[in-house]
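Since the structure comes first, as structure tokens, the remarks are kept for the end.
So you know, we letter chains A, B, ... as the sequences are listed, proteins then strands, and number each from 1.
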Amino acid sequence: MSAQIRTFALVWLALILLLAMTVAAAFLPLGPAKPFVSIAIAIAKASLIFWFFMHLREDTGLLRLAAVGGALWLLILLLLMSSDLLTRT
Amino acid sequence: MSDASPLQESADPPPPRETPEEQVSYLRAGYSLKSWFFTTDHKRIAILYMVAIMFFFVVGGAAAVLMRLDLATPSADLLTSDGYNRAFTMHGVIMVWFFLIPSIPTTFGNFLIPLMIGARDLAFPRLNLLSWYIYVIAGFFTLYSLVAGGVDTGWTFYTPLSTMFANGHVMAALSAVFIVGFSSILTGLNFIVTVHKLRAPGMTWGRLPLFIWSHYATSLVLLLATPVLSITLVLLAAERMLGVGIFDPALGGDPLLYQHLFWFYSHPAVYIMLLPAMGVVSELVAAAAHKQVFGYWFIAYSSMAIAALGFLVWGHHMFVSGQSMYASAIFSLLSVAVAVPSAIKVYNWTATFYKGSVSFDPAFLFAMSFIGLFVIGGMTGLMLAMLAVDVHLHDTYFVVAHFHYIMVGGTVSAFFGALHFWWPKITGRDYTKMWGGLTAVLIFGGFNMTFFPQFLLGYLGMPRRYHSYDPEFQVLHLLSSAGASILAVGYMLPVFYLGWSLRWGKPAETNPWGATGLEWTVPSPPPKHNFEEVPVVVEGPYHYPLKHPASRD
Amino acid sequence: MTDEVRLRNPYHQAAQQRSADLMGMYLFLASEIMLFGGLLAAVLALRIEHPHAVSSAAQHLKIWLGTANTVILLTSSLAVAVAVAAARFGRAALSATLFAAAGMLGVIFLGIKALEYQKEYSEGLMPFLGNARPLKDNAEFLFLNLYYVATGLHALHMTIGIAAIWTAAWRIFRRHIPVPGRAIAAEVTGLYWHFVDVVWVFLFPVFYLAR
Amino acid sequence: MSFVTPLWPPQASAYAEQVDRLFLGFSALTVLLVLPVFILIGIFALKYRRGRDVDRTHRTRGSVWLETSWAAGPFLLVLGFFAWGVALYVDAQTEPVGALEISGTAKQWMWKFSHHPGGQREINELHVPAGEPVKITLTSQDVIHSLYLPALRLKQDVLPGRYTTLSFTADRPGTYALRCAEFCGANHAVMGGRIVVQTPRDYAQWLSRSGADKSLAERGKLLFRQYGCSGCHGPASSVKAPDLAGLYGRPVSLESGETIIADDQYIRDSILFPHRAIAAGYPPIMPTFRNVIEEEDLIALTAFIRNTRAEDWREEE
Ligand code: HEA
Ligand code: HEA
Ligand code: CUA
Ligand SMILES: [Cu+2]
């Protein structure tokens with residue numbers, strides 16, 4: 001159990017570091033890249049939580065599929081909707 | 001079990017034996033109200049749903065009757081313009097969310113999925129009961145909004161009409177649709193887990209009846225599309241009730257954002273209404289032909305393809321809305337793609353009859369109605385997906401005819417087909433087949449008379465949601481109203497002969513149609529826990545011919 | 001304390017029941033992703049249509065309070081992760097304590113959130129409340145309105161989550177949930193909590209960092 | 001009630017004929033793809049009906065070759081129609097050059113049109129000349145409406161807060177239906193009227209007969225003073241505000257660094273939501289005129305801004 005706790009603690013540390021990065025990035029003049037950076041970091045954080053805290057690491061492929069399935073479907077909504085918003089005249 | 005059923009005595013582990021008490025039919029397992037309203041038995045819950053859903057079908061149908069009566073003349077004489085607007089809104093809301101979406105999954109799906117895969121119940125029986133209660137609570141909200149005076153936004157609740165201008169009981173209707181969504185989500189979740197985790201030994205994916213495949217695909221759509229509707233309705237409610245503008249053009253908000261979110265749910269939702277019907281028809285076709293379906297895997301995967309591709313085409317409802325031209329072209333192309341899996345199914349059903357042994361049971365006639373009417377509805381849907389055609393036909397009666405052909409001609413026919421096919425299993429009684437056949441023919445005729453003229457009306461330029469119209473359209477409208485009265489008679493008939501069978505019908509055999517499938521190996525009606533012993537499946541579905549007398553040539 | 005797993009109705013084996021429970025929870029979470037996804041789509045649309053209004057409206061949010069809240073939630077997730085591990089190892093007391101602590105962190109989160117709302121209210125940012133409106137462009141209201149709906153919905157999920165994990169803590173503590181036998185109950189509750197955390201992980205950059 | 005019923009809507013333009021051709025073509029395709037299904041099911045069901053003694057040997061369970069062909073064949077055929085439909089659609093969406101301009105405003109439950117440049121106004125009726133390209137710029141004052149001209153096979157939703165356009169060339173003089181196709185509340189069904197396609201001579205006559213006392217731009221000029229715009233934007237003004245002469249159609253650089261073309265939508269937004277896009281180098285002091293200026297006055301103001309060249313400006317003083 002202590003091995004697990006150590007992993008969890010390390011994951012937590014990584015999460016906090018990522019948080020620091022993303023807040024710092026918000027103050028940098030990144031221009032149009034800014035939202036992409038912050039979302040990329042958020043995805044990294046979410047992956048850590050899913051993979052370690054939520055035990056996807058130990059689970060079968062089916063559960064992993066269920067977990068990412070929702071996210072993939074959301075991508076459909078976002079992409080096709082943007083296809084309209086970005087090309088309106 | 002005398003005939004060569006796909007069952008085998010299972011040796012290990014020793015199956016839990018049922019007490020004699022549990023072996024009695026599920027209908028006899030208690031007569032108290034409590035034994036019904038607090039049951040966790042999927043079969044009883046299916047019956048509960050059946051009653052609730054038929055109630056709403058009649059309410060929605062009554063609204064349709066009012067509309068058709070009013071439309072018999074060009075001027076407004078039966079209903080006021082406000083009354084008419086409320087009639088079609090309530091008609092749409094009730095028929096879509098309280099009848100058609102739950103219709104086949106929550107009744108036949110609920111009843112049959114565990115039986116077909118050899119399970120004792122759904123994965124989460126109490127959740128299943130909860131879903132029914134949620135449905136009923138939502139139903140009360142609908143009835144409240146109906147009785148309080150109705151809603152005048154159309155079933156699509158477009159902003160800013162619904163948030164800033166409509167003065168009907170929009171909040172009550174929104175709450176109803178919001179709440180019933182959770183019933184959908186939980187049902188979908190329950191089905192998915194059931195199919196994954198509760199298949200009997202030997203019931204591999206390749207041995208699942210096609211009914212299961214289509215319900216599995218439906219459940220995915222239920223699970224992934226419905227939440228988007230829920231949140232969209234929350235945003236709508238916040239805007240209407242709290243003044244928290246989200247889509248409000250006065251703040252620079254975008255009404256098209258609402259339409260995107262709404263159709264992201266509502267187009268997949270049309271496949272929620274269609275896929276279970278396709279599952280039913282696959283069963284009916286195989287059972288009528290007494291033959292292995294043609295192209296099992298193609299039919300199975302086309303269900304999954306429809307569920308997936310169905311999420312990519314919602315923009316075809318927005319071709320003239322001010323959506324970008326490029327997006328419209330993409331959505332049009334994807335709409336062509338989504339037709340392919342439907343085509344695969346239709347052609348495979350046709351091929352299944354080749355060298356079959358076809359019996360003209362009522363269920364077969366309903367399945368034929370489905371195929372005929374669905375194909376016309378589907379092809380006219382494709383016409384609407386052609387950009388230049390849709391610019392003319394959008395929001396006309398052509399669209400109304402398109403979707404009634406699929407939803408009423410298709411899915412409702414399949415629902416009635418399922419009712420006639422599984423009635424003996426569900427109730428343990430036989431009905432008079434002749435009446436079933438007559439009903440099927442009457443509904444088919446009345447349907448075409450009601451809705452075919454609407455294609456012509458639409459092309460002539462008659463917009464939908466019109467309470468009064470140019471006199472030149474009257475002949476076609478009158479024809480449509482006349483057809484609707486035949487249709488109404490057709491839908492009323494089963495009440496009599498099926499009702500009659502409950503009391504006076506012959507007790508049904510275990511397998512009256514000579515069909516394959518685990519549900520036909522248990523007594524009619526099935527015992528409380530479905531299977532005396534856990535069945536072990538050793539062969540694929542549709543393993544015809546059975547040695548059963550009813551299936552021999 | 002027993003290790004025995006109680007089998008519910010349709011199940012024949014413990015493993016089958018356990019994986020069904022987990023799968024049910026994951027599917028529920030998938031539907032939750034789509035629920036919040038609709039909100040994210042709305043924010044995306046707003047950002048595409050009114051990029052400047054979004055970034056200037058985001059300046060009004062209390063980024064440091066938001067950051068503090070993120071730290072709190074991540075920490076609570078750590079506590080829950082360890083609590084679940086403890087439950088699996090049969091360490092009931094430890095598990096219950098950590099669950100209770102995570103719930104406390106959740107309450108602190110809500111407290112800070114309330115403080116934020118209160119500050120925003122006094123600055124006149126809330127829809128139709130307050131009047132000293134510092135916003136120039138109307139589109140900025142759209143963004144803030146979405147922020148209130150999103151954080152409000154998240155707070156609702158937090159409240160449900162706190163109730164759930166405190167119930168779990170109490171029942172583990174009283175051995176109503178014998179661990180490790182029924183650690184699945186702890187696991188499923190934990191999954192929900194982590195998920196609410198993940199939602200925040202996205203809401204934070206989407207709103208607070210959109211400046 | 002009359003027992004004659006039309007079976008085909010009138011065609012008032014070449015475009016309408018093309019749409020009909022596409023529609024009929026697709027109907028033929030439908031028959032082609034669907035009839036085999038109906039016929040074969042009929043034949044199979046009767047030939048192989050239960051109890052009939054026919055050859056049932058060599059039943060197959062499937063055929064990949066068949067499956068691919070009946071999936072790909074119809075798909076490719078429909079793809080042809082897709083391309084045809086897109087081509088026509090793009091055709092209809094492309095704004096013709098030198099089109100006659102008309103502004104349309106929808107509100108519950110009427111249509112108002114003003115003709116450029118003369119400023120002739122009409123309600124629930126739309127007069128257009130035959131054979132000339134026409135471009136209608138549409139907006140709504142309340143909910144979403146939809147301008148539907150069945151004889152032209154055209155329709156365009158009309159949105160609040162946004163300009164959409166509908167362009168066409170009507171060929172056949174005559175009077176045709178004009179309807180609202182998007183549900184917009186209680187009197188949606190009667191929100192319509194007619195579109196009158198006239199020979200160019202008749203149209204010119206109509207224009208002069210219903211001549212407004214002022215052209216759109218003139219009315220706009222008046223409004224420009226009434227609403228106090230000239231106080232800041234006038235040449236004599238001491239306020240630092242941009243000169244609007246010659247603005248229309250020009251790229252404007254904004255404070256945010258972007259550049260945007262000053263079209264109808266931009267001018268409308270500048271008046272109603274002045275803080276959304278600040279012109280570079282100017283203080284953001286322009287007040288909003290939301291809830292002050294009506295859609296129709298906006299059209300006149302825009303027409304004025306559009307018409308003023310630098311010279312007109314000076315002559316004003
Ligand atoms: C169960 C319900 C259901 C189903 C299954 C469908 C299926 C389809 N629908 Fe329909 N539709 C609705 C219900 C449904 N629809 C409703 C309710 C509306 C109106 C909503 C409102 O505004 O109120 C609507 C509106 C609607 C529109 C918008 C019209 C408008 O408002 O302007 C469009 C446009 O593309 C469309 C297209 C399609 C297509 C391409 C399919 C396809 O899935 C059809 C596929 C099927 C076939 C093609 C037939 C079978 C195939 C063959 C026989 C072989 C030939 C094969 C090929 C050509 C490949 N539908
Ligand atoms: C989903 C399922 C569904 C079903 C099953 C139906 C069934 C029917 N529908 Fe409906 N319809 C919709 C979904 C459905 N509809 C939707 C979504 C809309 C769009 C709404 C909108 O625009 O917002 C619509 C709109 C719509 C219109 C267009 C209204 C307009 O745009 O102005 C019309 C017009 O004819 C119509 C007619 C009918 C008819 C005659 C039936 C018949 O099939 C009904 C037959 C059933 C019965 C007749 C019931 C049997 C019971 C009895 C006979 C007892 C009756 C009791 C008394 C008379 C007291 N429907
Ligand atoms: Cu305006 Cu309908
Ligand atoms: Cu659709």
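- In this structure, A:Ala9 and C:Leu78 approach most closely via the heavy-atom pair N-CD1, 3.9 Å.
- Considering only heavy atoms from C-beta on, C:Val80 stays 4.5 Å or farther from A:Phe8 through its side chain.
- Using a 4.5 Å cut-off between heavy atoms, C:Ala86 touches chain A through backbone and side chain atoms alike.
- Contact record, A:Leu85 with C:Glu49: CD2-OE2, 3.6 Å, taken as the closest heavy-atom pair.
- Of the atoms belonging to A:Trp73, heavy atoms from both backbone and side chain fall under 4.5 Å from chain C.
- Within residues 95-104 of chain C, no residue has any heavy atom less than 4.5 Å from a heavy atom of chain A.
- Interatomic distance, A:His55 NE2 to C:Leu22 CG, rounded to the nearest 0.5 Å: 9.0 Å.
- Of all heavy-atom pairs spanning A:Phe53 and C:Leu74, the tightest one is CE1-O, 4.4 Å.
- At a 4.5 Å heavy-atom cutoff, the contact between A:Leu15 and chain C is made by backbone and side-chain atoms alike.
- With a threshold of 4.5 angstrom between heavy atoms, A:Leu18 does not approach chain C through any atom at all.
- Taken from CG in A:Leu63 to OG in C:Ser19, the straight-line distance is 8.0 Å, to the nearest 0.5 Å.
- With a 4.5 Å cut-off on non-hydrogen atoms, C:Val84 touches chain A through its side chain but not through its backbone.
- Separation of atoms CD1 (A:Ile5) and CG (C:Leu94) is listed at 6.5 Å; rounding is to 0.5 Å.
- You'll find the side chain of A:Met81 stays beyond 4.5 Å of the side chain of C:Ile48, heavy atoms only.
- Using a 4.5 Å heavy-atom cut-off against chain A, the contacting residues of residues 192-211 of chain C are C:His194, C:Phe195, C:Asp197, C:Val198, C:Val201, C:Phe202, C:Phe204, C:Pro205, C:Val206, C:Leu209, C:Arg211.
- Contact of C:Met23 with chain A is made through backbone and side chain together, with heavy-atom distances under 4.5 Å.
- Using a 4.5 Å cut-off between heavy atoms, C:Leu35 does not touch chain A at all.
- For C:Thr75, the parts lying under 4.5 angstrom from a heavy atom of chain A are both the backbone and the side chain.
- Heavy atoms from other residues, nucleotides or ligands lying under 6.0 Å from CZ of C:Phe173 number 12 at most.
- In this structure, the side chains of A:Met54 and C:Met25 stay at 4.5 Å or more apart for every pair of heavy atoms.
- A:Ala67 and C:Ile33 get closest at one heavy-atom pair: O-CD1, 4.0 Å.
- A:Ile49 touches chain C through its side chain: at least one heavy atom from C-beta onward sits under 4.5 Å away, while N, CA, C and O do not.
- Closest of all the heavy-atom pairs between C:Leu44 and A:Ser82 is CD2-OG, 3.5 Å.
- Other residues, nucleotides and ligands place more than 12 heavy atoms under 6.0 Å from the CZ atom of A:Phe27.
- Minimum interatomic distance between C:Ala85 and A:Gln4 (heavy atoms only, all atoms of both residues): CB-OE1, 3.0 Å.
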So A:Leu65 and C:Tyr26, side chain to side chain contact (heavy atoms under 4.5 Å, CB included) or not? Walk me through it. CA-CA 10 Å; A:Leu65 194 67; C:Tyr26 262 109; over 6 Å; no
